[in-house]
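Presented below is the structure to which this report refers.
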Amino acid sequence: MAKLSIEEELRVIKKNVVDLIPEEELIAKLKRSRETGKPLRVKYGADPTRPDLHLGHYVCLKKLKDIQDLGHKIVFIIGDFTGMIGDPSGKSKARPRLSKEEVMENAKTYFEQVGKVLDIEKAEVRYNSEWLGRMTAHDVIELAATYTVSRMLERDDFSKRFKNGIPIYIHEILYPLFQGYDSYAIEADIEAGGTDQTFNFLVGREVQKAFGQEPQIILTVPLLEGTDGKNKMSKSLDNYIGITEPPNEMYGKVMSIPDELVVRYFKLVLYYDESQLKEVEKAMRENPRDTKARLAYEIVRLFHSEDAARRAAAEFDRIFRERQAPSDMPEFAVPPEGKNIVDIIYELGFARSKSEARRIVSQGGAKVDGEKVTNIEAVIVPKEEGSVLKVGKRKFARLVVKNS
RNA sequence: GGAGGGGUACCCAAGCGGCCAAAGGGGCCGGGCUGUAAACCCGGUGGCUCAGCCUUCGGGGGUUCGAAUCCUCCCCCCUCCA
């Protein structure tokens with residue numbers, strides 16, 4: 001890659017970044033890196049419990065890719081040790097303890113997905129049990145002595161929980177310290193992550209200083225809101241768009257985000273620059289639907305292909321604009337004498353229980369060949385060429401006569 | 001260690017002997033409408049062999065014709081004092 005000036009390098013790094021603390025130190029590090037020819041070490045913590053990456057992760061991975069392209073070293077930390085503690089950031093729910101095998105398995109899936117965004121071969125991968133697992137009680141106390149309780153309680157999550165009488169466990173208090181120790185162990189120059197990690201990263205700086213190391217730079221990227229438009233994208237809230245999801249699913253999920261989020265997705269996921277975003281804003285006012293469709297198209301293209309995007313768009317229009325059946329749907333065998341509508345819906349997995357299937361039917365949510373079927377006693381005998389069952393807005397199946 | 005408060009369905013939160021499968025909100029699901037799986041409006045939301053039955057209100061035991069509601073033991077959480 002052509003040599004950029006420090007200013008240009010900094011501009012690349014700063015794109016779509018919320019905080020860079022402190023910028024002067026980064027400039028100094030960049031200068032020194034050029035002089036010594038040693039790339040900066042950029043730490044990124046990987047969660048070994050959730051191998052499904054989504055667009056929210058992508059925002060940060062894309063940033064890492066930018067930095068990698070500038071010639072710096074990305075260091076992935078697999079938190080196999082801290083995974084047993086559970087990061088207190090956000091919701092606090094006890095996470096299951098993972099076995100070594102599970103961690104390795106998750107890590108494998110994780111990197112398969114990360115590989116879609118940046119070059120794993122050029123990155124360094126470390127497991128934090130390597131150093132945390134070797135710590136003695138003495139070491140832990142020494143680490144714990146680098147921070148105070150009141151400073152720990154400055155953290156937003158903690159102070160809120162403390163005020164609201166929600167328990168905070170000691171091990172959760174220790175978490176940021178261990179994460180900080182990781183930075184020391186790998187000699188991080190920069191630590192990157194979402195803005196919710198700011199506190200942990202700051203603790204990392206303190207730990208590094210306490211152990212006589214130059215503190216890392218903190219680089220945070222915005223948290224992308226999920227399809228609900230309110231909360232940050234996360235698997236547990238089920239408002240996420242996974243980067244490995246099939247094209248049709250991905251396209252549909254993008255179409256389901258609130259209109260207000262469209263510009264933000266163009267910015268954070270597609271990396272549009274200011275002038276492009278102005279155009280998008282204008283287009284959004286004039287024709288929101290088509291603009292959102294363009295977003296969906298571009299996102300599918302990014303993670304799959306131009307061809308997949310085209311097909312996903314056509315399929316979406318076919319189902320939701322023209323109200324037609326999809327070109328491809330699961331087949332369900334019905335005996336010649338027919339089968340009860342509720343049983344069919346339940347067996348297809350279109351309802352979680354038979355009661356739910358009954359509700360769907362009686363509320364008018366089931367159609368066979370375009371005709372509503374509201375009687376839960378109805379017995380369906382498919383036409384000779386097959387019939388189309390539609391449940392809700394987007395669940396379809398082809399019913400065919402077959403002797404079982 | 002002492003004193004108080006609390007644990008209710010996917011989440012938050014009412015109920016405090018029968019009318020409670022349990023108010024209300026969120027979420028989710030369905031319908032209508034539409035520019036989309038947007039927004040908005042309406043309805044539904046434990047399960048089943050469904051006008052009936054079975055399981056649910058931290059866990060066990062008990063009182064009662066009858067308990068989420070009363071008693072008792074246990075587990076867990078919070079606050080204040082020490």
Side-chain angles (χ1 to χ4, degrees), chain A residues 90-94 158-170 172 225-242 245-266 280 283-300 309 312-326 339-343 345-367 370-379 389-396:
Chain A
K91 294 268 161 22
S92 80
K93 267 193 182 149
F158 287 152
S159 58
K160 261 193 211 133
R161 279 162 67 183
F162 197 68
K163 269 196 210 99
N164 296 327
I166 300 164
I168 301 168
Y169 292 87
I170 304 290
E172 296 182 282
E225 290 78 5
T227 52
D228 59 9
K230 290 193 289 266
N231 303 106
K232 76 163 179 171
M233 189 175 282
S234 84
K235 199 182 172 190
S236 52
L237 291 172
D238 198 26
N239 63 356
Y240 70 101
I241 303 174
E245 286 196 67
N248 288 349
E249 198 65 13
M250 191 179 260
Y251 191 96
K253 281 192 179 183
V254 175
M255 288 306 276
S256 80
I257 67 170
D259 290 356
E260 304 76 65
L261 238 53
V262 170
V263 175
R264 192 163 164 80
Y265 272 52
F266 268 106
V280 171
M284 200 57 202
R285 278 191 298 273
E286 285 162 4
N287 191 337
R289 203 220 80 98
D290 288 353
T291 310
K292 196 189 279 182
R294 186 172 135 210
L295 175 71
Y297 182 93
E298 291 296 333
I299 289 179
V300 174
E315 192 71 358
F316 187 89
D317 286 350
R318 184 185 162 90
I319 298 168
F320 299 106
R321 297 179 96 175
E322 297 159 30
R323 319 263 160 182
Q324 288 182 22
K339 191 170 184 118
N340 174 255
I341 181 83
V342 169
D343 291 335
I345 292 172
Y346 175 70
E347 284 173 36
L348 270 162
F350 288 172
R352 282 180 286 276
S353 66
K354 286 200 178 177
S355 295
E356 185 172 286
R358 285 185 197 101
R359 261 178 248 134
I360 289 169
V361 172
S362 49
Q363 287 177 146
K367 282 184 184 172
E371 294 291 315
K372 259 186 199 176
V373 179
T374 51
N375 179 9
I376 58 169
E377 304 290 336
V379 172
L389 169 71
K390 182 183 184 189
V391 176
K393 279 181 179 160
R394 43 189 284 254
K395 294 189 277 283
F396 292 87

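Heavy atoms only: backbone and side chains are in, while hydrogens, waters and symmetry mates are out. Each chain gets a letter, A, B and so on, in the order its sequence line appears, and its residues count up from 1. This structure is a prediction, so every number in the text was calculated from the model and none was measured.
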| field | Side chain A:N287 and base B:G35 donor-acceptor under 3.5 Å | value | no

| From the list B:A37, B:C48, B:A38, which nucleotide is the closest neighbour of the side chain of A:K292? | B:A38

| message | Students often get this wrong, so: under 4.0 angstrom with heavy atoms, is A:E249 touching a base, only sugar-phosphate, or nothing? | response | base

| field | B:C19 pairs with, by Watson-Crick or G-U criteria that keep both distances under 3.5 Å | value | none

| request: For nucleotides 22-32 of chain B, just jot down a letter per nucleotide in 5' to 3' order: B, S or -, based on protein non-hydrogen atoms under 4.0 Å. | output: -----SS-SSS

| request: Rounded off to whole Å, could you give me the CG-to-P distance for the A:N248 and B:U36 pair? | output: 17 Å

| Atom CE of A:M255 to atom C1' of B:U34: distance rounded to whole Å? | 12 Å

| message | When you compare the side chain of A:L295 with that of A:V280, does any pair of heavy atoms fall below 4.5 Å? | response | no

| Below 4.0 Å: OP1/OP2 of B:A38 and any side-chain N or O of A:S256 | no

| field | Pair assignment for B:C80, Watson-Crick or G-U wobble, requiring both distances under 3.5 Å | value | B:G2

| Quick one: A:K354 NZ to B:U49 C1', roughly how many Å, whole number? | 9 Å

| request: May I have the distance from A:R289 (atom CZ) to B:U36 (atom C1'), rounded to whole angstrom? | output: 6 Å

| message | Over all strands shown, is A:P258 touching base, sugar-phosphate only, or nothing at heavy-atom distances under 4.0 angstrom? | response | sugar-phosphate

| field | Interatomic distance where CZ belongs to A:R321 and P belongs to B:U34 [whole Å] | value | 14 Å

| query | Are A:S353 and B:C48 close enough that a side-chain N or O sits under 4.0 Å from OP1 or OP2? | reply | yes

| Between A:K292 and A:V254, is there a donor-acceptor pair closer than 3.5 Å when you use the side chain of the first and the backbone of the second? | no

| request: Would you mind reading off the distance between A:Q324 atom CD and B:U36 atom P, rounded to a whole angstrom? | output: 14 Å

| field | Protein-nucleotide distance (A:E377, atom CD; B:U49, atom C1'), rounded to Å | value | 11 Å

| task | For each nucleotide in nucleotides 52-57 of chain B, reading 5' to 3', give B when a protein heavy atom comes within less than 4.0 Å of its base, S when such contact involves only the sugar-phosphate, and - otherwise. | result | ------

| Nearest-angstrom distance, C1' atom, B:C76 to B:G66 | 30 Å

| Separation of A:F316 atom CZ from B:A38 atom C1', in whole Å? | 10 Å

| query | Considering only the C1' atoms, how many Å lie between B:G46 and B:C10, rounded to the nearest integer? | reply | 12 Å

